[in-house]
Amino acid sequence: MTKRVYNFYPGPATLPLPALKKAQEELLDYKGTGMSIMELSHRSKQYDAMHKEASGLVRGLMGIPDDYKILWLQGGASTQFFMVPCNLAVKGKPMEYVNTGAWSKKAIKEAKFYGDVNVVASSEDKNFSYIPKDIKFSNNASYAHITGNNTIFGTEFHTWPNVPKDVPLICDMSSNIMDKVIDVKKFGVIYAGAQKNIGPAGVTLVVVREDLLNIVPENTPTMQKWKIHAEKDSLFNTCPCWAIYMCKLCLEHLKNIGGVPAIEKINRKKAKIIYDIIDDSNGFYKGHATPDSRSLMNITFNLPTPELEAKCVEEGQKRELIGLKGHRSVGGMRASLYNAMTLEGVETLGEFLREFKEENE
Ligand SMILES: *Cc1c(COP(=O)(O)O)cnc(C)c1O
């Protein structure tokens, strides 16, 4: 039997086993073509059918209305940090951001190349341990930008801020896309690097409301215009075929297990297992995020000393619980419980954390 560990890495991250097996099965001969889908022309009818299926799965799983386009782009979510202002900034109207962590900051930095940026709320005062409340965006903003889930700090928006009418809400959902049911109509644009919750690295999903495609200045380089990619169904140039194919297999799996409502239930159950252990540990495990802002996807916590944290990561590794070391800006530990992390994996982690506390407190 092939060895498989429980992989809690923040991204690239664990993928559903049935999707990996299907890819293995189809690797050498994709549907009787005698080729891998990696080797097929992106203009072939076999590729085209798969491409449409992948987009269809995104639309179905997220309940995306017809007046939104689904784009598969390259360059990671980091490229969208400048694509957003490039496509949506209007002269004289500030771009408005909520700063909830490292990824928000990077998005803000890129927007500043395109004009005036207002940071309307921030949780930097408490090392990004919470999601600000009562966020107010201006009526004349070009757009309002939030980071849906803060991968490094372990906080997540559980309700969406109100935006003035005619100000589109833009959300970086790289680490929580499809973790729970959302109303897509509340957003102008949703974007997500695939490698955390829906597939492998190499492709970025962008969901954009059609009317927002026409704001981009004419004298913008072609590849930077969402409009071009929308018109060409993400086939303006060679698309990342393999990454899109892997997303398709992962999303097919998600659909087979009941879609987003079903995975939301499982995600809540998984997160509760670990948060309960933190809360019942008499302070041995100390959660970074305030309870009302806790992420379903990335659970960040510290132990009494850095030595114990290192020991916990190391002993976890011996139990085949991999990738639990926290990001340097929070330290301690982080368990990423993305959609593809099984309940069994989280239960195993829970058992380990309980035992570790008993042996080391
Ligand atoms: C990982 C991550 C990014 C960066 O994604 P890349 O695809 O590496 O550019 C951006 N935003 C969030 C919330 C992330 O978790």
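Count residues from 1 along the sequence. Read the numbers this way: they start at 1 and go in the same order the structure lists the ligands and their atoms.
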For residues Phe284 and Phe301, establish whether the separation of their ring centroids is below 6.0 Å.
no
Row check, Trp72 ring normal vs Lys248 NZ/CZ: under 6.0 Å, within 45°
no
Are any non-hydrogen side-chain atoms of Leu303 and Tyr285 less than 4.5 angstrom apart?
yes
Gap between atom OG of Ser295 and atom CZ of Phe153 - 0.5 Å precision:
13.0 Å
So which residues get pulled into Tyr338's cluster when ILVMFWY side chains under 4.5 Å apart are joined, directly or through others?
Leu296, Met297
Tabulating one pair per line, provide the atom names and distances (0.1 Å) for every N/O atom of ligand 1 that is less than 3.5 Å from a protein N/O atom.
| residue | atom | partner | partner atom | Å |
| --- | --- | --- | --- | --- |
| ligand 1 | 7 (O) | Ala77 | N | 3.0 |
| ligand 1 | 7 (O) | Gln195 | NE2 | 2.9 |
| ligand 1 | 8 (O) | Gln195 | NE2 | 3.4 |
| ligand 1 | 9 (O) | Ala77 | N | 3.2 |
| ligand 1 | 9 (O) | Ser78 | N | 2.8 |
| ligand 1 | 9 (O) | Ser78 | OG | 2.6 |
| ligand 1 | 11 (N) | Asp172 | OD2 | 2.6 |
| ligand 1 | 15 (O) | Thr151 | OG1 | 2.4 |
| ligand 1 | 15 (O) | Lys196 | NZ | 2.7 |

Would you say Met173 and Phe187 make side-chain contact, with heavy atoms under 4.5 Å?
yes
